[in-house]
Structures are given as C-alpha cells and as structure tokens.
**Student:** 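Dropping a structure here in structure tokens format, bear with me for questions.
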Amino acid sequence: MTGSQIRRSMPLFPIGTVMQLTELTARQIRYYEEHQLISPARTDGNRRLFSLNDIDTLLEIKDLIDQGVNMAGIKQIFAQRVQKAMDQDLQNKPAIKAKKELTNEDIRKLLRKELTNAGRFNHSSLGGNMHRFFH
DNA sequence: CTTCTCACA
DNA sequence: TGTGAGTA
C-alpha cells in the first residue's frame, strides 16, 4: 500500500525525458520548480531526476496552461488544493493524531487526489478578476 | 551529448 | 518564456 507510493515518488528520469513526456520546455519545467509546483530530486552533478508524481503534476500543469491559466492561477489552484487537503486531513485525523505534520509527500498525494476530482469544472482560478484583467 | 545556472543586442 | 553563454 506504500510500495506503489514509494515507486511513484522515486527519482527516475532526467529532464529530457520529462520534456518528451509532458511536451513542456526545459525552461518551463525549471520555472515550475522555482515556483514549488514540483520538487525533483538532484543527483550526480546537480542534475534533476523526476518521479512519476512529478510527471503527472507536470501534465496537470500542462493542461491548465493549455486551458489558458497563467502561473498565478496555477499557483492559486494548487495552494487552494493544499488548503483543502490540510482541512480534510484535520477532519480525518482529530486530536489523537493532531500532532502529526504533513510531509511533502503527503501533500503531493492529496494534491493529486484533488486534481483528479476537481479537474472537471472550468477553472478560471482568478474567477471574476480574470475578466477585469482582460476588460 | 545533456543538463545547469545566469542573464538579456 | 526564449535563448545563448560557459560549465560540469
């Protein structure tokens, strides 16, 4: 039950492979890392190694980009997801486990779960503000 | 050859 | 975001 998760978070491929799988440029991939949307491991000579989780997070980001959502919007959506994930976590783990802190992996898992569900409705993350910007 | 960081005639 | 420079 944890083995698969370990595998999904295992650092495997270099940026070149990720570029082909996601159709994102190296520039973009690094940029999203700067904005903490992904956290690739590093190896040898400081080279990035992405996990399967990184890959599909990137694919989700790609979808959002293709739908016209900008970085600010994506960051908002993810932040919103993290928030909901944390709230949900607090509900499932009341006082007894209240001491437990969420690890980055926990957040990434919850993040993916949320993305899968909410990936349906139209996300104009900036909501009505988006209209103002283009008004 | 691939990837990295940094910077912008 | 692109892209070229100079490395590792």
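Labels below follow one simple rule: chain letters A, B, ... track the order of the sequence lines, proteins then strands, and each chain is numbered from 1.
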**Student:** With a 4.5 Å cut-off on side-chain heavy atoms, are Tyr32(A) and Ile74(A) touching?
**Tutor:** no

**Student:** If only atom types and distance count, is the side chain of Asp56(A) paired as donor or acceptor with the main-chain N or O of Leu59(A) below 3.5 Å?
**Tutor:**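 Not a single qualifying donor-acceptor pair exists.
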
**Student:** Given Lys75(A), which partner from the list Gln80(A), His35(A), Gln36(A) fulfils the side-chain hydrogen bond (donor to acceptor under 3.5 Å, both in side chains) test?
**Tutor:**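 In the set Gln80(A), His35(A), Gln36(A), the residue that makes a side-chain hydrogen bond (donor to acceptor under 3.5 Å, both in side chains) with Lys75(A) is His35(A).
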
**Student:** Got Lys62(A) and Asp66(A) here, is their nearest side-chain heavy-atom distance under 4.5 Å?
**Tutor:**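 With C-beta onward as the side chain, the pair touches.
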
**Student:** Which residues satisfy the side chain to side chain contact (heavy atoms under 4.5 Å, CB included) test with Thr2(A), sequence neighbours excluded?
**Tutor:** Gln5(A), Ile6(A)

**Student:** With a 4.5 Å heavy-atom cut-off, do Arg7(A) and Met10(A) have their side chains touching?
**Tutor:** yes

**Student:** Sequence neighbours excluded and cut-off under 3.5 Å, please list the side-chain donor-acceptor pairs for residues 14-26 of chain A, or say none.
**Tutor:**
unit_1	atom_1	unit_2	atom_2	d
Thr22(A)	OG1	Val18(A)	O	2.7
Thr22(A)	OG1	Leu24(A)	N	3.3
Thr25(A)	OG1	Gln28(A)	N	3.1
Thr25(A)	OG1	Gln28(A)	OE1	3.3

**Student:** At what distance, to the nearest 0.5 angstrom, does CE of Met71(A) lie from CD of Gln76(A)?
**Tutor:** 11.0 Å

**Student:** Can you tell me how far apart CD1 (Ile38(A)) and OH (Tyr31(A)) are? Round to the nearest 0.5 Å.
**Tutor:**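 Reported value, rounded in 0.5 Å steps: 13.0 Å.
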
**Student:** Can you list the stems that DNA chain B is part of, where a stem is at least 3 pairs in a row, each Watson-Crick or G-U, with both distances below 3.5 Å?
**Tutor:** B:4-8 with C:2-6

**Student:** Nearest 0.5 Å, please: how far is CZ in Phe50(A) from OG in Ser39(A)?
**Tutor:**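 If we round to the nearest 0.5 Å, Ser39(A):OG and Phe50(A):CZ are 10.0 Å apart.
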
**Student:** Could you pick out which residue, Tyr32(A) or Gly45(A), lies toward the 5' side of DNA chain C when each is mapped onto its nearest nucleotide?
**Tutor:**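 Nearest nucleotide further toward 5': that of Tyr32(A).
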
**Student:** Identify the 5'-most and 3'-most nucleotides of DNA chain C with at least one atom closer than 4.0 Å to a non-hydrogen atom of chain A.
**Tutor:** dT1(C) to dA8(C)

**Student:** Would you say that Arg42(A) contacts Arg47(A) through its side chain, given a criterion of any heavy-atom pair below 4.5 Å between the two side chains?
**Tutor:** no

**Student:** N/O contacts under 3.5 Å, protein versus nucleotides 5-9 of chain B?
**Tutor:**
unit_1	atom_1	unit_2	atom_2	d
dT5(B)	OP1	Arg42(A)	NH1	3.1
dT5(B)	OP1	Arg42(A)	NH2	3.1
dT5(B)	OP2	Arg48(A)	NH2	2.3

**Student:** So which of residues 10-19 of chain A are in contact with DNA chain B, with a heavy-atom cut-off of under 4.0 Å?
**Tutor:** Pro14(A), Ile15(A), Gly16(A)

**Student:** Write down the distance between CZ (Phe50(A)) and P (dT2(B)), rounded to a whole number of angstrom.
**Tutor:** 16 Å

**Student:** Can Asp54(A) and Ser51(A) be counted as having a side-chain donor-acceptor contact under 3.5 angstrom?
**Tutor:**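 Judged by distance alone, the side chains do pair up.
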
**Student:** Hydrophobic clustering (ILVMFWY, side-chain heavy atoms < 4.5 Å, transitive) - are Leu52(A) and Leu37(A) grouped together?
**Tutor:** yes

